[in-house]
> 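One structure, pasted below without further comment.
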Amino acid sequence: MSVRRRGSTRLAAAAVASGLLAAGALAAAGPAAAEETPQHQGGAVATLDGLKTYDKAVLHTDGGDQQIPAGLFEMTVDGGGTLKTYCIDVHRPTQEQAKYLETSWDETSLGANRDAGKIRWILDHSYPQVDDLSALAERAGVDSLTEQTAAAGTQVAIWRYSDHVKVDALDPKAEKLADFLEKNARGAAEPRASLTLEPNAVSGKAGEKLGPVTVRTDAGHVTVVPPADAAASGVKVVGKDGKPVTAATNGSELYFDVPTDAADGSSSLTVQATTSVPVGRAFAGVTQSQTQILAGSSESTVSAAATATWAKKGAIPALSARKNCAKGGVDITAVNKGDEPFSFELMDFKHTVAAGQSRTVTVPVQEDQAYDFTIEGPGGLKKNFKGVLDCKTSGATAAGAGSAAGAGTMDQPQNQPSPATAGNAPTAGDGLDLAETGSSNATPMILGIAVVFLVLGIAAVFFVRKKDSAPGEE
């Protein structure tokens with residue numbers, strides 16, 4: 001077989017893989033794929049229970065007016081607790097029982113939204129933070145409000161700033177509340193995360209204290225859970241003074257104390273607390289589902305984790321990742337605390353980090369696309385990063401399309417947890433993540449597309465091999 005022929009075969013195989021990735025099939029290898037944990041900077045993890053307190057709104061689009069539900073969602077926090085949220089992406093439907101992660105504004109559409117601070121102000125000055133409905137009605141200039149109309153008016157005001165759409169509350173009193181909130185909104189700062197560890201990955205040589213890992217939290221104190229393999233590895237979690245710690249507070253510095261004779265390896269620690277998540281924190285779906293913003297929280301379980309990698313010599317990398325909405329991709333950061341260069345391959349490119357240096361590589365990812373990167377290192381190190389890049393509202397993504405896809409109708413059943421109609425759920429072209437194992441009716445079609453890519457790929461490889469075996473060919 002000639003070099004040219006071998007290159008053609010590789011190209012055909014690459015085309016198949018590329019097609020499967022575009023269809024999302026690589027993320028749908030089985031239930032286990034959906035259960036893998038995406039990277040999380042820390043905080044609350046919750047499951048969407050649905051739209052619970054709402055009334056009607058009218059969304060004005062080029063395609064006409066559409067009635068949609070508007071109001072408060074509820075989520076159940078993993079480990080205990082309840083959250084109340086409003087939607088900040090009016091055109092995108094939710095997925096039933098979707099998993100959500102507490103997320104910083106810059107990893108969502110709020111990062112580039114000049115009015116994000118006004119949304120925070122609305123949350124602080126309306127329902128449910130202001131639960132005296134008589135007082136809220138008086139401020140809005142109406143004689144009364146119900147929980148439903150208060151929630152609808154608040155949601156409408158938020159949409160005007162989150163999506164910059166023309167939308168009105170159907171109820172006149174709710175509309176007056178929306179106008180009052182929109183007119184009086186002022187900029188407010190992004191709230192701090194309920195709980196994070198900075199950085200969430202460290203490395204170094206065996207025999208050293210690896211860190212520091214700094215606790216950032218609004219909670220009064222957090223519980224420090226030592227590595228699960230601490231007894232076998234001898235690794236301890238200690239403070240600045242080298243003494244083991246089981247609790248910490250905001251600003252505490254934690255270290256992994258690794259014995260000198262420890263075999264090359266890695267470990268992790270977890271911190272956990274029960275606290276009220278700050279109003280205004282964003283919640284992004286693990287799969288494609290409306291981004292939410294927190295309006296109220298019970299005492300809820302929050303957590304964060306950090307990993308450590310160590311070795312006696314050679315390259316010793318610490319790997320971490322976070323979404324970079326400003327650059328339209330995912331930042332992969334490698335810090336090499338070893339005495340030799342660390343090299344890794346990502347998207348067919350080789351990257352090298354010199355000893356004692358760090359490097360951040362931004363991997364381009366299309367809006368709404370699911371990503372799944374695995375980086376391997378020395379000593380069996382394997383780090384996986386996965387998620388969905390959701391940096392824009394659906395209306396901004398589909399600008400110029402001439403319609404408000406998924407905007408909903410007045411006939412929507414009340415048990416549908418979304419202001420968007422389920423019939424207008426994203427299709428394969430919208431980048432639906434097939435790791436979602438729940439409600440989407442687009443999954444069979446996307447799987448069908450994946451099968452077509454696979455058949456075409458097999459045919460292409462067979463065709464190339466047949467030509468390679470033809471008489472007279474080199």
Side-chain angles (χ1 to χ4, degrees), residues 39-42 196-216 224-245 248 251-271 304-322 324 327 329-363 372-386:
Q39 72 267 14
H40 185 208
Q41 305 305 318
T196 59
L197 292 175
E198 301 174 355
N200 59 16
V202 295
S203 62
K205 293 185 176 181
E208 298 178 346
K209 287 194 302 180
L210 312 184
V213 174
T214 304
V215 177
R216 302 295 184 194
V224 179
V225 181
D229 59 350
S233 66
V235 176
K236 299 177 183 178
V237 179
V238 301
K240 274 185 176 182
D241 57 4
K243 296 180 179 179
V245 296
S252 294
E253 294 183 347
L254 307 177
Y255 296 81
F256 291 84
D257 189 358
V258 183
T260 304
D261 59 355
D264 295 358
S266 62
S267 193
S268 63
L269 67 84
T270 303
V271 292
T307 61
T309 304
W310 63 87
K312 294 180 177 62
K313 60 180 181 178
I316 314 176
L319 301 170
S320 60
R322 65 178 288 126
N324 187 332
K327 293 185 178 180
V330 178
D331 283 347
I332 306 293
T333 299
V335 180
N336 182 12
K337 290 295 183 71
D339 49 27
E340 293 180 7
F342 167 60
S343 295
F344 64 98
E345 291 188 4
L346 195 60
M347 304 293 285
D348 295 328
F349 288 95
K350 186 175 182 179
H351 307 278
T352 300
V353 184
Q357 300 296 314
S358 65
R359 183 177 182 184
T360 297
V361 177
T362 302
V363 181
D372 192 339
F373 309 129
T374 297
I375 300 176
E376 298 184 1
L381 174 66
K382 182 179 287 188
K383 202 72 176 283
N384 177 257
F385 304 108
K386 67 181 300 181

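Note that the structure is predicted; figures quoted are calculated from it, not measured.
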> Could you list the donor-acceptor pairs under 3.5 angstrom formed by side chains in residues 204-215, with sequence neighbours left out?
unit_1	atom_1	unit_2	atom_2	d
Lys205	NZ	Asp339	OD2	3.3
Glu208	OE1	Lys205	N	3.2
Lys209	NZ	Lys240	O	3.1

> What is the distance from atom CD of Glu345 to atom OG1 of Thr352, rounded to the nearest 0.5 Å?
9.5 Å
> List in chain and number order the residues that pass ring pair (Phe, Tyr, Trp, His ring centres under 6.0 Å) with Phe342, two or more places apart in sequence or in another chain; answer none if no residue qualifies.
Phe344
> Taking all non-hydrogen atoms of both residues, which atom of Phe373 and which atom of Val363 are closest, and how far apart?
CZ-CG1, 3.4 Å
> Would you confirm whether Lys312, through its side chain, and Ala262, through its main-chain N or O, come within 3.5 Å as a donor-acceptor pair?
yes
> Quick one: closest heavy-atom pair of Gln41 and Asn200, and the distance?
OE1-ND2, 3.6 Å
> Under the side chain to side chain contact (heavy atoms under 4.5 Å, CB included) rule, what do Trp310 and Lys337 come out as? Steps first, then yes or no, please.
CA-CA 9 Å; Trp310 63 87; Lys337 290 295 183 71; over 6 Å; no
> Please give me the minimum heavy-atom distance between Gly234 and Pro259, naming the atom from each residue.
O-CG, 3.4 Å
> Might you work through the side chain to side chain contact (heavy atoms under 4.5 Å, CB included) test for Val361 and Phe349, ending with a clear yes or no?
CA-CA 11 Å; Val361 177; Phe349 288 95; over 6 Å; no
> Is any side-chain heavy atom of Val330 closer than 4.5 Å to a side-chain heavy atom of Phe385?
no
> Do Val202 and Tyr255 come within less than 4.5 Å of each other through their side chains, counting heavy atoms only?
no
> Could you tell me which residues satisfy side chain to side chain donor-acceptor pair (under 3.5 Å) with Ser252, sequence neighbours excluded, listed by chain and number?
Thr249
> Counting only heavy atoms not in Lys236, do more than 12 sit closer than 6.0 Å to its NZ atom?
no
> Any chance you could measure Asp331, atom CG, to Thr360, atom OG1, to the nearest 0.5 Å?
6.0 Å
> Which residues pass the side chain to side chain contact (heavy atoms under 4.5 Å, CB included) test with Ala304, sequence neighbours left out?
Leu195, Leu197, Val271
> Quick one: pull up NZ in Lys386 and OG1 in Thr374 and give me the separation to the nearest 0.5 Å.
9.0 Å
> Between CG of Leu381 and CD1 of Ile375, what distance do you get to the nearest 0.5 Å?
9.0 Å
> Does some side-chain heavy atom of Val353 sit less than 4.5 Å from a side-chain heavy atom of Pro317?
no
> Nearest heavy-atom pair of Lys327 and Asn324: which atoms, and what distance?
N-OD1, 3.0 Å
> My understanding is that only residues two or more places apart in sequence, or in another chain, count here; which of them pass side chain to side chain donor-acceptor pair (under 3.5 Å) with Thr260?
none
> Any chance you could measure Asn384, atom CG, to Asp372, atom CG, to the nearest 0.5 Å?
4.5 Å
> So which heavy atom on Lys243 is nearest to which on Asp241, and how close?
N-OD1, 3.0 Å
> Where the side chain of Asn336 meets the backbone of Ser358, is there a donor-acceptor pair that is under 3.5 Å apart?
no
> Who passes side chain to side chain donor-acceptor pair (under 3.5 Å) against Ser267, sequence neighbours left out?
Asp229
> Tell me the closest heavy-atom pair linking Ala306 and Pro199, and the distance in Å.
CB-O, 4.3 Å
> For the NZ atom of Lys383 and the CD atom of Glu376, what is their distance to the nearest 0.5 Å?
13.5 Å
